[in-house]
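Report on the following structure.
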Amino acid sequence: MLKNIRNIGVMAHIDAGKTTTTERILYYTGKSHKIGEVDDGEAIMDWMEQEQERGITIQSAATTTYWRGFQINIIDTPGHVDFTAEVERSLRVLDGAIAIFDAVHGVEPQTETVWRQAERYKTPCTGYVNKMDRVGADFFQVLDDIREKLKIEPAAIQIPLGKEAMFEGVIDLIGEREIRWRGEDGGELVYSEIAPENAAIASKWREKLIDALSAVSDPITELYIAGSPIPEELIRAELRKAALNRDLLPVLAGASRRNLGVQPLIDAVIDYLPAPDETVPAQAYNIKTDAVEEIPCDPKGKPLGLVFKIQNDREAGSLCYIRMYSGKIEGGAAVYNIGKRKRERVNRILRMHSNKSEPMDALSAGDIGVIIGLKLSQTGDTIGNEAYQVILEKMLFPEPVISVSIEPETASERDKLNEILEVLSKEDPTFTKRENEETGQLIISGMGELHLEVLVTRILKEYKVEARVGNPQVTYRESVDAVVEKHESFSRVIAGKETAAALTLRVEPLPRGSGNKYICAARRAEIPPEIFEAVEHGVMGALNSGVSMGYPCIDIGVTLTELTYSEITGTAAAFTACASICLDEACRGASPILLEPIMLVTLVSPSEFTGNVISLLAQRGGQVVSTDLKSSAGEVKAHAPMEKMFGFMTALRSESQGRATFTMEFSHFEKR
């Protein structure tokens, strides 16, 4: 039943305790029989060798467990900004998320990034303040941080009993009781009445919870004004509504590493996060009618699913992670890749538990699983049938901004390397490869130094390719600065047959961040649709190969204003070639410019070093956007060119005695 399914993600800044918390959830729900520790390299969800060695999550891992009769599909996501695509595609298909906050550091930079991603997909969340046992933990400061930085009202449904080394349990504000944990594994929950010394603070925070609820709930307001007691069931029901509407963020407290606080968090997932049919219906574009449609989550509807992740398995081939939005797909059935207009066959369907799996007969609406047998499918593809051709909203991934060259040691290794790069780019949409036409070098690009370091290590160690790797280089972009219209004719004799094409293109600059846009203003009924498709194919191909320096073009508007077609000589190949030549010539005459990536740098430094850190950043062309100077540490946000940021960590450590940290994510491209 749909109402008994929860599709959730675990998201947070790096090292906030996502995987540690997920491991406890699996243990307490009976999915695993031993608590896997990240520090020991034994976490079930961090199964890759690189993850175990580095102690961080690199790939999102999926699993399914059961609690109180509910099926919970969990995706554990990475926290490092370089792997933000893993978070993006997970949030795209999930119905709810657990946002984990570090009790010492509060809302950290990557927490803000993943929160914005959750906002974009309107994903309801529940909050969990972890590490309450650490020195400097402050639950109430974290609540203020959430309110200020995430612009949502936190509704504390628990408050901690003690903090730091004295943290021993929580006060349940809804049930009005104290909860403590017994046993080494924290498996036994002990409930007791609120102690007299804790009664005042419990009453104060329960009042705040009711007050926050009354701002969004009429039934609570009426009882509150009348001075009537408010039933526990009503509080839970109204808090659920507020959480689903993203009006409030229910917040719990705990210390996952010490096995304190996780079971109430699992209860909160069921109580306050949505079932698949309680979320905003998915939006889809109908190919035949050009209309946008809403897709209700109905197992009896027409089959429709989204491929949100591809993972390569050496034995099984491509594992296609699919979220079903409507209908049902059975093993052995034929499916239709709607975007690619190709039929494929489902060989097997699996339910994943990290890197292990169990077979399934069918995958129904609201569920998440893996299909084996889809050879053409890529991340973002819509799977369904030919009778109902709609394309689900695609995911948007950031641009790769850093590149390295990779050269095989021997010529025989080159084909093997190309195959591996093809596999990796299919797995990771933010990883791209291209060949430098002038030098013949293979250039791979990614989201940051760590991202490329992980991928290169996989190529060298996991796939055992002998190769030389160059130093990191910035990936630039090209654009134009003027409006130009260009007419081009193309005529060739191919295999004894004359082919010809003629067309006019207008190119113009678009605002930064708009992307490339192609408009066909010359469409006529007598010209076959494949001719217009060929022109678009030629235009987009030329944009990807650059104008003058070979870097991909961005923010260019291209309009097909005129097209001359003859049934005798007009072919799709001729129009593709003509469009490509015409665009190149038009862009060369439209004042081509080079754009460099500008990064959003977030620095956290002890207050005594903040001035030095800002000065260091200014030396590298950084421009401060905002500062948040707290008593113990200052947070500085700045824009800086990627080119100047190589080796910044070494300089920062030297300037701050190793106490300052920074994260960096792509912001925008700017004229060099």
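The shown structure was predicted, so the numbers you read here are calculated from the model rather than taken from an experiment. Atoms considered below: every heavy atom in the structure, side chains included; atoms not considered: hydrogens, waters and symmetry mates.
Using a cutoff of 4.0 Å between basic side-chain nitrogens and carboxylate oxygens, Glu119 and Lys151 are not scored as salt-bridged. Checked for salt-bridge contact, Asp211 and Lys208 miss the test: no charged N lies under 4.0 Å from a carboxylate O. The pair Glu233-Arg236 does not count as a salt bridge, with every side-chain nitrogen at least 4.0 angstrom from each carboxylate oxygen. Here Arg147 pairs with Glu153 in a salt bridge; the nearest charged N to carboxylate O distance falls below 4.0 Å. The residues Asp102 and Arg134 are annotated as not salt-bridged, no charged nitrogen and carboxylate oxygen being separated by less than 4.0 angstrom.
For the atom pair Glu278 CD and Ile5 CD1, the distance stands at 11.5 Å (nearest 0.5 Å). Atom CD1 in Ile270 sits 9.0 Å away from atom CD1 in Ile8 (nearest 0.5 Å). Atom CG in Leu173 sits 6.5 Å away from atom CG in Leu209 (nearest 0.5 Å). In this structure, CD1 in Ile75 is found 13.0 Å from CE in Met11, a value given to the nearest 0.5 Å. The distance from the CG atom of Leu213 to the CD1 atom of Ile174 is 7.5 Å, given to the nearest 0.5 Å. Atom CD1 of Ile371 and atom CD1 of Ile329 lie 4.5 Å apart (nearest 0.5 Å).
Within the 3.5 Å criterion, the main-chain N or O of Gly331 finds no donor-acceptor partner in the side chain of Arg348. Looking only at distances, no side-chain donor or acceptor of Asn259 sits under 3.5 Å from a matching main-chain atom of Arg24. A donor-acceptor pair is defined here as one N or O able to donate and one able to accept, closer than 3.5 Å; no such pair exists between the side chain of Ser203 and the backbone of Ala200. Side chain of Glu188 to main chain of Gly183: no donor-acceptor pair is present (N/O by atom type, distance under 3.5 Å, no hydrogens or angles). Proximity of a side-chain donor or acceptor of Thr111 to a complementary backbone N or O of Val107 within less than 3.5 Å is not detected. Under the 3.5 Å distance criterion, the side-chain polar atoms of Arg6 are matched with a main-chain donor or acceptor of Leu273. Counting only distance, with no hydrogens or angles, the side chain of Gln311 and the backbone of Tyr321 share no donor-acceptor pair below 3.5 Å. Here the side chain of Thr29 pairs a donor or acceptor atom with the backbone of Ile25 at under 3.5 angstrom. For Thr627 (side chain) and Val636 (main-chain N/O), no donor-acceptor pair under 3.5 Å exists by modelled atom type. Side-chain atoms of Thr65 do not come within 3.5 Å of backbone N or O of Ile72 as any donor-acceptor pair.
Residues Met132 and Ala253 share a closest heavy-atom pair of CG-CB, 4.2 Å. In terms of heavy atoms, Gly446 sits closest to Leu452 at N-CD2, 3.7 Å. Taking every heavy atom of both residues into account, Asn130 and Gly17 meet most closely at ND2-CA, 3.7 Å. Closest non-hydrogen pair, Leu392 versus Ala282, comes out as CD2-CB, 4.0 Å. When all heavy atoms of Gly162 and Phe167 are compared, the pair lying nearest together is O-CD1, 3.5 Å. Nearest approach of Pro124 to Leu244, heavy atoms of both residues: CG-O, 3.7 Å.
Contacts of Glu207 classified as salt bridge (charged side-chain N to carboxylate O under 4.0 Å, His left out), with partners at least two apart in sequence or in another chain: none. Taking Tyr224 as the reference, nothing meets the ring pair (Phe, Tyr, Trp, His ring centres under 6.0 Å) condition, with sequence neighbours excluded.
The shortest side-chain heavy-atom distance between Ile220 and Ser214 falls under the 4.5 Å cut-off. Contact annotation: the side chain of Ile349 never approaches that of Asp361 to less than 4.5 Å [non-hydrogen atoms, C-beta and beyond]. Contact check for Arg92 versus Phe308: no side-chain heavy atoms found under the 4.5 Å cut-off. Taking the side chain as every heavy atom from C-beta outward, Met324 and Cys297 never approach each other to under 4.5 Å. In this structure, the side chains of Trp67 and Asp267 come closer than 4.5 Å at one or more pairs of heavy atoms. The side-chain heavy atoms of Ile368 and Leu94, taken from C-beta on, include a pair separated by under 4.5 Å. Looking at heavy atoms from C-beta onward, Thr63 lies in side-chain contact with Leu26 at the 4.5 angstrom threshold. Using a 4.5 Å cut-off on side-chain heavy atoms (C-beta onward), Ile235 and Arg206 make contact.
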Full working for side chain to side chain contact (heavy atoms under 4.5 Å, CB included) between Thr602 and Glu635:
CA-CA 7 Å; Thr602 306; Glu635 182 182 282; 3.9 Å; yes
Any chance you could lay out the side chain to side chain contact (heavy atoms under 4.5 Å, CB included) test for Thr64 and His353, step after step, and finish with the verdict?
CA-CA 6 Å; Thr64 299; His353 177 48; over 6 Å; no
Test side chain to side chain contact (heavy atoms under 4.5 Å, CB included) on Arg246 and Cys125; report intermediate values, then the result.
CA-CA 7 Å; Arg246 291 181 60 87; Cys125 299; 3.9 Å; yes
Take Val170 and Leu260 through the test side chain to side chain contact (heavy atoms under 4.5 Å, CB included) and record every step on the way to the result.
CA-CA 9 Å; Val170 296; Leu260 305 174; over 6 Å; no
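When only modelled atom types and interatomic distance are considered, Asn73 and Asn7 share a side-chain donor-acceptor pair under 3.5 Å.
Taking the centre of each ring, Phe101 and Trp115 stay at or above the 6.0 Å mark.
Judged by a 6.0 Å distance limit and a 45° cone about the ring axis, Arg323 is positioned over the six-membered ring of Tyr325.
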Run the side-chain donor-acceptor check on residues 189-196: report pairs under 3.5 Å with partners two or more places apart or on a different chain.
none

